[in-house]
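Have a look at the structure below before the remarks.
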Amino acid sequence: MNQNPEQQARDKIDSALERSGWIIQDKSKINLSAGLGIAIREYPTDAGPADYILFVDKKPAGVIEAKREEEGHRLTVAEVQSSEYASAKLKYLDNAPLPFVYESTGEIIRYTNNRDPKPRSRNIFSFHKPFTFLQWLKEEKTLRTRFFNIPALLTEGLRACQITAINNLENSFRENRPKALLQMATGSGKTYAAITFIYRLLKFAKAQRILFLVDTKNLGEQAEQEFMAYMPNDDNRKFTELYNVQRLKSSYIATDSQVCISTIQRLFSILKDSELDESAEEINPNERKWHSKEPVSVVYNEKIPVEFFDFIVIDECHRSIYNLWKQVLDYFDAFLIGLTATPDNRTFGFFDQNIVSEYTHEQAVIDGVNVGHDVFIIETEISKKGAVIWKGEYVDHREKLSRKKRWEQLDEDLEYSSKQLDDSVVNPNQIRLIIQTFKKRLPEIFKDRFDKDGCFEVPKTLVFAKTDSHADDIIQIIREEFAEENRFCKKITYNADNPKSTLSLFRNEYYPRIAVTVDMIATGTDVKPLECLLFMRDVKSRNYFEQMKGRGTRVISLNDLKKVTPCAKFTKDHFVIIDAIGVTKSLKTDSRPLEKKPSVPLNDLLGAVAVGVRDEDLFSSIANRLLRLEKQLNQKEKNIFADKARGKSIAQIAKELLNAYNPDTLEEIRSKVEDKYRGEAPDVIQSEINKKHSALIEKAAEAFTGDLNAYIENVRKAHEQVIDIINPDNLLNAGWDKDNKEKAQSLIHDFKTWLTEHKDEITALQIFYSQPFRRRELTFQMLKEVFEKLKSDKPILAPLNVWRSYELLGQAGASPKNELIALVSLIRHVCGIDISLIAYDKTVDKNFQDWVFKKHAGAGEKFSEEQMQWLRMIKDFIAGSFHIEKEDFELSPFNAIGGLGKMWQLFNEKTDEIIAELNEALAA
């Protein structure tokens, strides 16, 4: 047995080498034919004996400098010594310097590849495999050298923010920075940018395998679709025709997969060599309330060595890199690239403050990449304060799961708070009042959504509910209050029937108009036509709330919007948050605080077990909950439990959970192993103890399949809710949030500033500001120039955006017909031509009436009805095109009824005079 610390360190190094596929030999017993990779102890060199020399295919390739555990903090100092051995001549051999250099205590391993442009050591989880060395030695250049082969980015089809992100990331690779963060606003093309740099890494840097890591199955499926649709701008083939993309659905990873898409839960299960139920991938694990006190250790897996992936792209990384999951990322010797729209301080810290792209939602709105939002508040009395049902009242008691009801008298007062709503108590009056107010105010919120018959068209709306049961109540009341059929409002949750199909209909078809969700489309799912978010649940996490808001920020063209919302008259330029629960005002935290275990829902504890957590506190908590549950179940329910638990009763499973960390059990395991392996090295004995203990833990956890977990969750939901139809609810407030007015005033100020700054350089603005007598000369093209310049400089100042700001302040008349009419109307108002903000076409109508009245006044000749018909057509043309010339009479609608010739026939020599007068009078 090795006794001194250095010898103990070498025992651990030996174990780590063997796990990685190396055969360890003493210098006196060298047999290089024994295998591909041979590690020889104390090999003599002209700089002294090296602790380990690594031979691959009978050729020396690397060196390991061993240090005792206490020297872990000084391993960088040991680089001098290991470098000397790497440069030294080995006895009997005329070798070149060895490229692969390690320093290790057995607990910590640092590695340097001397073939890199600027060799730099880094921490790695375990030694690389011999076969990996063989592959690397065949390569003319290392991966870090090949970064310099990546050519300039072809920018066609990329946004400026994507170009910046990709260029900065590739510079980060060239600087050999192991972690990088891309912060890009929702809707700005994070995934497209990621696939672009992945394509370039595969094509130009010759990366072997890249992992695209997500935290829900839904995000993985969406990413897979984006890879399948991606067409690089330097090749006419799709990404999946060039490279193999595999979304992991089991523990199998194809050897020829160049891009793997996986949830972090599945990757963790693969490393642990355990199967994962697909249900464990449906919910973002960071939203569960259970957090392990101690990070679960990841052990080396020879099927998935540390060098298996060259790069790991972590989607929604603000959710994935903490708690248990950090261990998964630390396992791999790979570059880590984070993608997120909403980082917090921990995110910046994890990625070493290396932010290669910082493109916020505010910037995206300014650039027209995203749309902004307004907030409409609905406050009701019960939503804020709850209510009391007095003793003696008869009320319905409804089972949550079966929704079976029974009518019963209360034997004591039942007081409930707003937090208990839709959990232990449901008040349909409260839900109904919110929906009634929502319906009533929608025409005020979306003023342009009436069809030609005056019927209002509900915009695509997403409602956030608290639970599946709450969602069902909301759907029923929405259908009733809107007097609509089933397809009008649908549920899209993981527990709904065929949620993907319903989501596709919501995204691409007219129905459903309203979707109700709990969490499935709270994050990471695109529904571009979505224009309204109704919050009927509160959210405490700032990041999660930003992600939920992100569902509404996507831009969409007017043509695409009209495919699902035919009454839309303008391009989507904003979305509306209807806050019925106070979510926009409630206190938010950067991350979920660690809650005391008694408050953690049982389904979150079960979810943690499902994804591989094996924490002592977790096992204890579940065991205690199961023992409490057993007292609530009848015999039939207990029998069903046993059927789903492979014949084990609740008491048996609870006992196994508690036994897994019982000190007496652990002492018994230790005693038996020490007797069996007496005389072996301490690390060998400890390894066997760990194996026995791990087997005991896995046995305790094996019963918790998705089927059993679902049953436990559902059977405990069978307790009842009280249905309060006695207490009516009262509307306290319904209106725009005051913050909207401040934003509107700021936008109007920015618009006025932009006009002032450009009034001397754009012809149309020169005319409006300083040459009013020339307004009759304004043409469609002149005004189009202003519009294009404004759109290019400041997309957020789009005329309809500014018009809506005036509307919010109560300072605008009826909405204009289009953007250009809005622009002319705004310019006239800002310049002081029109005191009130009136749509230009309405101004033209009034000016036309005044002009005709003057013509008809007195004893002069009056216009005939046919002449008036032509004059009205000219008026309508000027209202839309701002100016008319004789050439325009060859266009619609004039050309269909005689054109300029007919005009001459009607007005003779006065034709030119009338055209000039109308251009001047109508633009007045």
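Count residues from 1 along the sequence.
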Salt bridge (charged side-chain N to carboxylate O under 4.0 Å, His left out) between Glu103 and Lys67: does it pass, once the steps are laid out?
-> CA-CA 7 Å; Glu103 300 84 34; Lys67 294 294 180 185; over 6 Å; no

Are Lys699 and Glu702 close enough, and set up right, to give a salt bridge (charged side-chain N to carboxylate O under 4.0 Å, His left out), and what steps lead you there?
-> CA-CA 5 Å; Lys699 184 183 177 187; Glu702 68 182 4; over 6 Å; no

Working for salt bridge (charged side-chain N to carboxylate O under 4.0 Å, His left out), residues Lys676 and Glu688 | CA-CA 10 Å; Lys676 183 176 179 180; Glu688 284 301 314; over 6 Å; no

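Contact of the Leu213 side chain with the Asp315 side chain is not registered, since no non-hydrogen atoms from C-beta on lie closer than 4.5 Å. In this structure, Gln25 and Asn31 have side chains that are in contact, with non-hydrogen atoms separated by less than 4.5 Å. Within the 4.5 Å cutoff, no side-chain heavy atoms of Trp22 are placed close to those of Tyr52. With a 4.5 Å cut-off on side-chain heavy atoms, Lys12 and Glu69 count as touching. Within the 4.5 Å cutoff, no side-chain heavy atoms of Leu211 are placed close to those of Phe311. A heavy-atom distance below 4.5 Å is found between the side chains of Thr45 and Tyr85. When side chains are defined from C-beta on, Ile312 counts as touching Leu329, because their heavy atoms get closer than 4.5 Å.
Counting only distance, with no hydrogens or angles, the side chain of Gln265 and the backbone of Asp215 share a donor-acceptor pair below 3.5 Å. A distance-only check finds no donor-acceptor pair linking the side chain of Ser620 to the backbone of Glu616 [under 3.5 Å]. Between the side chain of Asp615 and the backbone N or O of Asp617, at least one donor-acceptor pair lies under 3.5 Å. Remark: side-chain polar atoms of Thr105 are paired, donor with acceptor, to backbone N or O of Ile108 under 3.5 angstrom. A distance-only check finds no donor-acceptor pair linking the side chain of Asn123 to the backbone of Arg110 [under 3.5 Å]. Checking side-chain atoms of Arg614 against main-chain N and O of Val609 turns up a donor-acceptor pair under 3.5 Å. In this structure, His128 contributes its side chain and Pro305 its backbone to no donor-acceptor pair below 3.5 Å. In this structure, Asp26 contributes its side chain and Ser28 its backbone to no donor-acceptor pair below 3.5 Å. Ser274 places no side-chain N or O within 3.5 Å of a backbone atom of Ile270 that could act as its donor or acceptor partner. Judged by distance alone, the side chain of Lys692 and the main-chain N or O of Val673 form no donor-acceptor pair under 3.5 Å.
For residues 14-24, the set of pairs meeting the salt bridge (charged side-chain N to carboxylate O under 4.0 Å, His left out) definition, not counting sequence neighbours, comprises Asp14-Arg41. Listed by first then second residue, pairs satisfying salt bridge (charged side-chain N to carboxylate O under 4.0 Å, His left out) with a partner in residues 43-64 read Arg10-Asp51, not counting sequence neighbours. Among residues at least two apart or in separate chains, salt bridge (charged side-chain N to carboxylate O under 4.0 Å, His left out) pairs with a member in residues 327-339 are Arg122-Asp333, Lys326-Asp330.
With sequence neighbours excluded, the residues that form a side-chain contact (heavy atoms from CB on, under 4.5 Å) with Thr191 are Ile195, Phe212, Glu226. The side-chain contact (heavy atoms from CB on, under 4.5 Å) check on Lys179 picks up Leu336, Phe350, Phe351, Asp352, with sequence neighbours excluded. When the ring-ring contact (aromatic ring centres under 6.0 Å, His included) test is applied to Phe308, no partner is found at least two apart in sequence or on another chain. Contacts of Lys655 classified as salt bridge (Lys or Arg N to Asp or Glu O under 4.0 Å), with partners at least two apart in sequence or in another chain: none. In terms of the salt bridge (Lys or Arg N to Asp or Glu O under 4.0 Å) criterion, Arg174 has no residue partners (sequence neighbours excluded). Partners of Tyr199 by ring-ring contact (aromatic ring centres under 6.0 Å, His included), not counting sequence neighbours: none found. With sequence neighbours excluded, no residue satisfies side-chain contact (heavy atoms from CB on, under 4.5 Å) with Ser694. The salt bridge (Lys or Arg N to Asp or Glu O under 4.0 Å) check on Lys129 picks up nothing, with sequence neighbours excluded.
Remark: Gln353 CD is packed, more than 12 non-hydrogen atoms of other residues, nucleotides or ligands lying under 6.0 Å away. Counting non-hydrogen atoms of neighbouring residues, nucleotides and ligands closer than 6.0 angstrom, the NZ atom of Lys648 exceeds 12 such neighbours. Residue Lys672 places its NZ atom among 12 or fewer non-hydrogen atoms of other residues, nucleotides or ligands, all under 6.0 Å distant. Other residues, nucleotides and ligands contribute at most 12 non-hydrogen atoms within 6.0 Å of the CD atom of Glu302.
Taking the centre of each ring, Tyr43 and Phe55 come in below the 6.0 Å mark.
Between the side chains of Gln686 and Asn690, a donor-acceptor pair is found at a separation under 3.5 Å. Looking at Glu65 and Ser82, their side chains never bring a donor and an acceptor atom within 3.5 Å of each other. Counting only N and O atoms by type, the side chains of Thr142 and Asp116 include a donor and acceptor under 3.5 Å apart. A donor-acceptor pair shorter than 3.5 Å can be found between the side chains of Ser172 and Asn354.
The aromatic rings of Tyr661 and Phe619 sit perpendicular to each other, their planes meeting at more than 60°, with 30° as the lower class boundary. By the 30° and 60° cut-offs, the orientation of the rings of Trp136 relative to Phe100 is tilted. Using a 30° and 60° split on the angle between ring planes, Phe173 and Phe335 fall in the perpendicular class, above 60°.
Salt bridge absent: Glu42 and Lys27 never bring a charged side-chain N and a carboxylate O closer than 4.0 Å. A salt bridge links Arg146 with Glu139: the distance from a Lys NZ or Arg NE/NH1/NH2 to an Asp or Glu carboxylate oxygen falls below 4.0 Å.
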Indicate every side-chain donor-acceptor pair of residues 248-256 with a distance under 3.5 Å to a residue at least two apart or in another chain.
unit_1: Ser250; atom_1: OG; unit_2: Tyr252; atom_2: N; d: 3.2
unit_1: Ser251; atom_1: OG; unit_2: Glu275; atom_2: OE2; d: 3.3
unit_1: Asp256; atom_1: OD2; unit_2: Asn244; atom_2: ND2; d: 3.4

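Heavy atoms only, all atoms of each residue included: Ala88 and Ala47 are closest at CB-CB, 3.9 Å.
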